[in-house]
Amino acid sequence: MYRLLFTQVLARFDAEAVHHLTVRAFRVLALLPLLKGLIHRSLAPRDPALRIKAFGVHFPGPLGLAAGFDKDAGCVPALAALGFGFVEVGTITAHAQPGNARPRLFRLVRDRAIVNRMGFNNAGAHAAAARLRRPRGLPAVVGVNIGKTKVVPESEAVADYVTCAKELAPLADYLVVNVSSPNTPGLRDLQTAGKLRPLLTEVKQVAAATTRRTPLLVKIAPDLADDDIDAIADLAVELELDGIIATNTTIERPPGVHVPPGAETGGLSGRPLKDRSLRVLRRLRARVGDRITLVSVGGVEDVDDVWERLLAGASLVQGYTGWIYGGPFWAARIHRQLARRLRRHGVKSVQDVIGRTAA
Ligand SMILES: Cc1cc2nc3c(=O)[nH]c(=O)nc-3n(C[C@H](O)[C@H](O)[C@H](O)COP(=O)(O)O)c2cc1C
């Protein structure tokens, strides 16, 4: 049904226009307590077997929405009601910025993929903080993903992240330093251990100073060389970060992917990213074991993918493109199927399958 609606109706309209319309609809839903409550009651994960505790935070289910959909933290309650175990908002930058020129969002329907080069379009940390302070009316775990303001030079990047973190860390269940989006010039250069160390050290001080001692994670690209992945993993352990999110979108265009005109540059997400994302997860797990939490994202489409990531060592899993192609009930469906699978395997809690197939 949703597939038909997607291919026959939604796919005919400009991708970004559909996105903004959807966000607006979710914002309205977020303001309607009765309907929101009804949807929450039928779709939000409530099976105790799905509950998971990671970096001190209790999640009702392991599958969350990845960063990039709710860039301005405008519709968290609606997204939580739809069945996500948590919602990562952002990327939010210290200062408001318009992002890159349009078109900047492309659907690759045959490949069940997306290319985006949005460039952190958002209303800035102050506006997001005001939204995050609003009462939500229902429980929701919210991660806040922060990035560098485009006009800020690399030499001032640390101060820029710190400004953003000061505003948002007190309002987040966890904070993410995003150094991996391909659409802000020079951002991914911050992934070298030499540049990452001062950045993460300072942001961690801010996160640790909040009353809740906000957990801090770093989000990495899938295009890193193996040695760089290992170096970041070692650094994360050394700095006692709470976790690593892997991965962001790829700048690669794997063979066989049908790239539409205009989508040659930008980050590719969805099915073509699946194998690479899983490989990065396995490498991280082999390096860090269970010393820090791993969050796996990239090409997750169904319950089999979620299961595979959990077994490979991810405590939490995220999706974005899979949801766009899978429809509004995607997360609720996967959580339901996951609970059934746990029961079939005689496992009491999702917590017990994490890392089972890891080296
Ligand atoms: C349209 C779009 C916008 C995105 N924006 C962000 C962003 O602002 N910050 C970020 O960390 N990741 C962003 N991402 C990356 C996703 O969070 C995720 O890491 C990536 O898409 C891989 O997951 P997927 O294959 O499930 O989509 C974006 C992805 C898409 C498709």
Side-chain angles (χ1 to χ4, degrees), residues 14-20 22-23 63-73 79 84 86-93 97 99-100 102-108 111-124 128 143-150 161 164 174-184 187-188 190-191 217-223 244-252 254 257 263 266-278 280-281 295-302 305-306 309 314 316-326 330-331 334:
D14 172 66
E16 191 167 345
V18 173
H19 170 80
H20 288 305
T22 315
V23 170
L63 178 61
L65 178 61
F69 180 81
D70 192 5
K71 288 196 184 263
D72 284 314
L79 294 165
F84 287 104
F86 60 108
V87 178
E88 190 170 307
V89 301
T91 293
I92 298 164
T93 52
Q97 56 182 30
N100 293 324
R102 295 188 197 194
R104 52 191 183 178
L105 186 60
F106 304 85
R107 302 185 195 94
L108 284 63
D111 297 298
R112 293 181 84 79
I114 290 175
V115 166
N116 92 84
R117 49 169 180 272
M118 304 299 287
F120 295 166
N121 53 308
N122 78 109
V144 177
N145 177 310
I146 61 171
K148 186 181 81 66
T149 310
K150 186 178 179 184
Y161 275 93
C164 204
Y174 68 88
L175 191 71
V176 183
V177 168
N178 178 12
V179 280
S180 48
S181 288
N183 305 311
T184 296
L187 188 85
R188 288 170 309 145
L190 297 172
Q191 290 178 114
L217 293 83
V218 61
K219 182 168 177 179
I220 65 171
D223 307 317
I244 302 176
I245 303 185
T247 67
N248 215 309
T249 55
T250 176
I251 56 168
E252 303 273 312
V257 171
L268 174 72
S269 58
R271 187 178 288 171
L273 181 57
K274 187 183 306 219
D275 291 348
R276 179 65 197 156
S277 169
L278 183 58
V280 175
L281 169 65
V295 182
S296 185
V297 52
V300 171
E301 295 185 282
D302 54 28
D305 293 329
V306 172
R309 308 288 168 115
L316 299 166
V317 179
Q318 294 178 320
Y320 183 158
T321 308
W323 178 53
I324 299 299
Y325 287 101
W330 180 76
I334 292 181

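Ligands are counted one by one from 1 in listed order, and the atoms in each one are counted from 1 as well. Here, residue 1 is the first one in the sequence, and each next residue gets the next number.
The L273 neighbourhood of ligand 1 comprises atoms 22 (C), with distances under 4.0 Å to a heavy atom of that residue. Near T249, with a cut-off below 4.0 Å to any heavy atom, the atoms of ligand 1 are 15 (C), 20 (C), 21 (O). Counting the atoms of ligand 1 from 1 in the order shown, those under 4.0 Å from a heavy atom of G319 are 26 (O). Near L105, with a cut-off below 4.0 Å to any heavy atom, the atoms of ligand 1 are 1 (C).
Counting protein heavy atoms only, atom 9 (N) of ligand 1 is closest to T91 OG1, 2.7 Å. Among all protein heavy atoms, the one lying closest to atom 4 (C) of ligand 1 is G68 CA, 3.5 Å. Of the protein's heavy atoms, Y320 N, 3.0 Å lies nearest to atom 26 (O) of ligand 1. Counting only heavy atoms of the protein, atom 31 (C) of ligand 1 lies nearest to S269 OG, 3.5 Å. Looking at atom 23 (O) of ligand 1, its nearest protein heavy atom turns out to be V297 CG2, 3.3 Å. Looking only at protein heavy atoms, the nearest one to atom 27 (O) of ligand 1 is T321 OG1, 2.6 Å.
Counting heavy atoms under 4.0 Å from ligand 1, residue N145 touches it through the side chain alone. Contacts with ligand 1 closer than 4.0 Å are made by side-chain heavy atoms of K71 only, the backbone lying farther away. Within the 4.0 Å heavy-atom criterion, both parts of N248, backbone and side chain, lie near ligand 1.
The N/O atoms of K219, backbone and side chain alike, include one that comes under 3.5 Å of an N/O atom in ligand 1. In terms of polar-atom proximity, defined here as any N/O pair under 3.5 Å, Q318 makes no such contact with ligand 1. Of the N or O atoms in N116, none lie within a sub-3.5 Å distance of an N or O in ligand 1.
Here the closest non-hydrogen pair linking W323 and L79 is CH2-CD2, 3.7 Å. Between P222 and T249, the shortest heavy-atom distance links the atoms CD-O, 3.2 Å.
Look at T247 and you'll find a heavy atom under 4.0 Å from some atom of ligand 1.
Using the six-membered ring where Trp is involved, F84 and W330 have ring planes that are tilted, between 30° and 60° apart.
Considering CG of D70 and CD1 of I92, their distance stands at 8.5 Å, rounded to 0.5 Å.
T321 and R271 share no donor-acceptor pair across their side chains, judged by distance under 3.5 Å alone. In summary, the side chains of D275 and S277 do not present any donor paired with an acceptor at a separation below 3.5 Å, with no hydrogens or angles considered. Side-chain contact of E301 with Y325: a donor-acceptor pair under 3.5 Å is absent, judged by distance alone.
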**Asked** Can you check side-chain contact (heavy atoms from CB on, under 4.5 Å) on N145 and K219, steps first, answer last?
**Response** CA-CA 9 Å; N145 177 310; K219 182 168 177 179; 4.0 Å; yes

**Request:** Might you work through the side chain to side chain donor-acceptor pair (under 3.5 Å) test for T93 and N122, ending with a clear yes or no?
**Result:** CA-CA 7 Å; T93 52; N122 78 109; 2.8 Å; yes

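Just one residue in the list V280, T247, T250 forms a side-chain contact (heavy atoms from CB on, under 4.5 Å) with D223, and that residue is T250.
A donor-acceptor pair under 3.5 Å is formed between the side chain of Y161 and the backbone N or O of N178.
The nearest non-hydrogen atom to atom 28 (C) of ligand 1, considering only G299, G298, A67, G270, comes from A67.
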